[in-house]
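To keep things clear, I will list the structure first and then write my remarks on it.
Everything numeric here is computed off the predicted structure, so don't read it as measured data. When reading the values below, keep in mind they use all heavy atoms of this one structure, side chains included, and skip hydrogens, waters and symmetry mates.
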Amino acid sequence: MSSDELGSENENYDSIQKDSLWRDEHKMEESAQLIHFLVLGLICGLILRELNKKTNIPYSPMILALGLAIGLSQEYLGKIGNSAYILSKMHPHLIVFIFIPVLLFESAFNCDWYTFKYQIINILLLAGPGCGWGAILLGACFKIILQYSDDDMNWYEAFTLGSVLSATDPVAVVALLKELGANPAFNHLIEGEALLNDGVAMVLFNVFNNISKASSGKGAAVSGGDIVLSFLRTSLLGPVMGLILGVLVALWTKRILGDDIEVTWLTFVFTYFTFYWAEFEFFETSGLLAVVGLGLFWCAYGRTRIRASVEHSVHAVWGFVQYSCDTLVFLLVGIIVGIEIMEEKLIESSDYYKMIGFYFLMILARFLMVLTFYPFLKCFGYPISKSELIVLVYGGLRGGLGLTLSLMVGCDEDLPARFRHLAVFYAAAMALITNMINGTTCKTLVKCVKMIDEPIVKKKVYKKYLEELIVIQQDQIKELETDEFYNMTDWMTVSNLIGQQDFIEKIDKVEQDIKHIIQKKGFQEMIYEGLPNQDIFGEVRYRVYRILKGLYYHKYEEGLVEEQTVRMLVESSDVGLDKLNDNLEIWDELYKNFMNLCSVNFFFKVKQKFLIGYFAREYLIKHLGLVYDVTSSFIICAEEALHLADNFPLNKEAISIIQEELKKDIEKAQNYFGTLNGSFPEIVRVLQTKKASFSILTHSIEHLQSTQRRGLIDDKEYKILLKDINNKLVKLESHSYDMSLPSFHVIAMQFPIFQEISLTDLDIIKKVAIEKKYALGQVIYAKGDECSEVYIIMRGYVVNDFNGILITKGLGSLITHQSLIVDGVHMSMAKAAVESQLYALPTKVVKEIMIRNKEFEFKVYLHSLEYIRKWYESQVGPIAQMDLKRLNEFLRNKCRLVKLSTLSQTEFIHGGFLFSGQLQDSKSNAFNKYDYIPPAEGLFTAVTNVTCFAFDEPIEVLQQKRMKELKLDSQRDQEIHEKYSEIKRNSIMELSKINIT
């Protein structure tokens, strides 16, 4: 339908008598057709999405091509064509206002903040000055190389078009790089550039467009100062407004628990509110950059305010919104461009030739832009290689925002008609060509420049995972074969349907790839015996990183760490997985996220100041809470991984070397943790209180949910209890903590080791306690000295040194209690690592309490084992390899403290541990102090007086269970390989039978 026909129909409707209640039925039908058309567009998008999965043709150019096809043929499509024509008259500003904010927020919200902030300098270089330099180069191409005259476009108009074409949208390339396993840091560089340069391109577009109008006398005159101020106002104030609103919505969100709808709606509404407030209300700054600022704030800080139970729903909704908006933007732009082409009269045949030449000039201009900043890109963030530089240049696709900006030029009647049509023509052509050519050939380019060099370690591990998958499938088949409800199953068809043969072929291909790499590198074979080489080192590191990730997630599932903590810890392992040939530097990677302790000290000093004190206290609790959580979790998981590495079926020398690397990381973390405890005991006490409360409440919710799933509680009671616990979590976030450190006499009863003693004994401890202060490095006691006192740390931290094996203890720790179990002699040397305040308790008094209180005595022996298992690692057997938390839990529940006089006898059916004295079993094997006693039949005889633990359950069972959880059984790899070999032989035999038949 033409515009003249629509106009005549409108005149007929205008002649109808109207009153205040009159509604145009024709408009109602029009609106219904528009909605119908948009729904059909989304359905077509779903069809093309499926086509994309099967053909790998980029989705964006397909939906753009569909829009172009509809636009070109709209006259022949009836009502659908009429709807398309009506939509083509939509003002392009509406596309920006409705769709672009959502797309920008979703992209920023879902990026990985820890990687993004390491790349922030490189991203800002490319998206800021890089975008401006690219716009100038593209404008120069139009004027100097393509020789467009001033009648076609003047210099300012050329730069305006250059800014339109400088906005990148590399969605297809990023998806491809993720699929190929490219470095996440490089992916974030491309994504981050596209995210920020959309806003910067819009700012440059407005600046050059205003200058262009002013130069032609159709706009207000602008000076150099006006240009600078306008650029600064739009580029800087926008992100600041986004951050301010991000803080407000985060404060709101933290009070919402269990309400998926409210949290999702809040993020959605504030995206538009931020855009419109920044764009039209607050100094008329850049709404797009404000939305980017909002999204990045949520990515970094706001997302942690969303409870884990709600986060999945939020991301699911935003994924749907992003997909719908992306589809409709490309569809609408395609329709508008298609209809404009049909009505186009100002594009000449020479423009098509110039357009083809401009495609190559655009890639060259981007290459020059990236090359200009390449020296900086190698210095900051994650340095990019030459092959990554090539992909970065080639992967700069053009997309929705550039097309939308070109349409804004096209509908601006203050600009020359020829230039307006050229802008739409070039933007549409570059979007289509870059997506169709660059997007589809980028995979080949990545392989040609060898950007992704997958180490042989990952291929070997991938092969093992495939073998394990096939074995698991076959085990499940055997289990189902014994089920009477599957008696008539065609198991050959099942095998084909589950793809066992496909997996076998994949394994064969991986094996061929490994052999090819080995031959290329000059190796005869890959072995684990003999001197370790770089590939074996890489495999050991690979396994260490994977174990650490598993341990981090396990702590998160148990409710022992918050989501932001586990995200940071996992990110540190992911970074390491991309640098397997480098030494383990996990702690250095984590430390980058922490504020300098000098800055923390400043906030600590002003925490009581008027106004600023509140924010200082809040920040200290938030930041140091994260730091404390990350550091303590890393130390616990790394120490467990250190012992678990002994079970790797790899070269022991290589394992030992990597273990030393991990020990250095643990030592750095412990030193930092000690400094934190020693310097800020008041805050540490608050953090421990908050963390303990959070852990207990989280565990309560998990228990409640488990009870409800088993049907042991009614839905009514479940909802009431869940709401009550959630309210307590909200109060936990807003609770005002006392940041002063109580005196020893007030806090003594809160120490865990004293909680079992009577009030009378506690009063005795308070009376005899003597305050002592030690300077940095001052020795508290030396190894072999008489143990006349035990110490409780009230401030600072202390290092226990036993033959070079260090154990660090801080606030609230009782040191030297391990010396209470021997004859009055210190087992180690202790010195203050910082200025420290300790309270000394006479050993005689403590031992008297141990005699009176057996539970307290048991605790002293239990806690002393933490020291002994590290100092006498070769004697304590499986106790050395156990996670301390699991060990203590086992000892509290499955262990008894036993004392035997000379020649007394007892059984150790489930094993035990000897603290003092000597034992002899029925086979005359002797066990001395600090020896692990393995499970054995028969009676053990005390050669001298004995104090020991007797286990009620074999500790090996617990350790084996842990090994299976982490898939570290020493025989597991060999068993899986043997089973896979058998399955493969059977598969070959079955295929032979089929071929013969």
Side-chain angles (χ1 to χ4, degrees), residues 104 107-137 166-168 170 173-174 177 182-204 231-232 234-240 242-243 246 286 288-301 366-393 395-396 451 568 571-572 574-576 578-579 582 585 588-596 599:
L104 288 179
S107 179
F109 180 48
N110 285 317
C111 76
D112 188 327
W113 172 248
Y114 301 113
T115 306
F116 184 91
K117 73 176 183 178
Y118 294 154
Q119 290 284 60
I120 189 66
I121 294 179
N122 289 345
I123 289 171
L124 289 174
L125 284 172
L126 292 176
C131 184
W133 177 226
I136 292 172
L137 289 173
S166 63
T168 58
V173 172
V174 171
L177 293 174
N183 188 338
F186 180 66
N187 293 347
H188 272 74
L189 179 63
I190 296 180
E191 274 189 297
E193 181 202 4
L195 176 66
L196 294 184
N197 78 3
D198 281 353
V200 174
M202 185 92 175
V203 172
L204 292 172
F231 182 82
L232 293 176
T234 51
S235 60
L236 297 180
L237 283 180
V240 171
L243 293 176
S286 172
L288 296 184
L289 287 177
V291 169
V292 171
L294 176 72
L296 289 176
F297 175 85
W298 266 82
C299 171
Y301 302 105
R366 180 166 173 80
F367 173 74
L368 292 174
M369 182 273 286
V370 175
L371 195 63
T372 302
F373 297 99
Y374 184 61
F376 302 100
L377 298 178
K378 291 193 299 181
C379 298
F380 299 107
Y382 296 105
I384 67 171
S385 63
K386 292 181 179 178
S387 57
E388 288 173 334
L389 181 145
I390 295 171
V391 175
L392 179 64
V393 170
M451 191 189 88
M568 188 184 294
E571 176 65 26
S572 68
D574 286 339
V575 171
D578 290 314
K579 300 185 291 186
D582 297 338
E585 294 180 345
D588 292 340
E589 195 67 37
L590 290 170
Y591 186 72
K592 293 176 183 178
N593 299 288
F594 300 162
M595 178 186 280
N596 186 285
S599 303

Report the relative orientation of the aromatic rings in Phe373 and Phe376; use parallel for angles under 30°, tilted for 30 to 60°, perpendicular for over 60°.
tilted

So Met369 and Leu126, side-chain contact (heavy atoms from CB on, under 4.5 Å) or not? Walk me through it.
CA-CA 8 Å; Met369 182 273 286; Leu126 292 176; 3.9 Å; yes

Closest non-hydrogen contact found for Lys378 with Ile384 is CG-O, 4.0 Å

With heavy-atom distances below 4.5 Å as the criterion, would you say the side chains of Leu377 and Leu389 are in contact?
no

Without swapping roles, check the side chain of Arg366 against the backbone of Gly395 for a donor-acceptor pair under 3.5 Å.
no

Between Asn197 and Ala167, which heavy-atom pair has the shortest distance, and what is it?
OD1-CA, 4.0 Å

Gln119 to Leu189 - nearest heavy-atom pair and separation
NE2-CB, 3.7 Å

Closest non-hydrogen contact found for Ala127 with Leu196 is CB-CB, 3.5 Å

Rounded to the nearest 0.5 Å, what's the gap from CG on Asn110 to CD on Glu191? Could you check?
9.0 Å

Can you tell me which residue among Val393, Ile390, Thr372, Leu392 is in a side chain to side chain contact (heavy atoms under 4.5 Å, CB included) with Phe367?
Val393

Measure the shortest side-chain to side-chain distance between Phe109 and Leu294 over non-hydrogen atoms and say whether it is less than 4.5 angstrom.
no

Just how far is it from atom CG of Asn122 to atom SG of Cys379, taken to the nearest 0.5 Å?
9.0 Å

How close do Ala201 and Ser166 get, counting heavy atoms only, and between which atoms?
CB-OG, 4.0 Å

Given side chains that start at C-beta, do those of Ile190 and Thr168 come closer than 4.5 Å, heavy atoms only?
no

When every non-hydrogen atom of Val391 is compared with those of Met451, the smallest separation belongs to CG2-SD, 3.6 Å

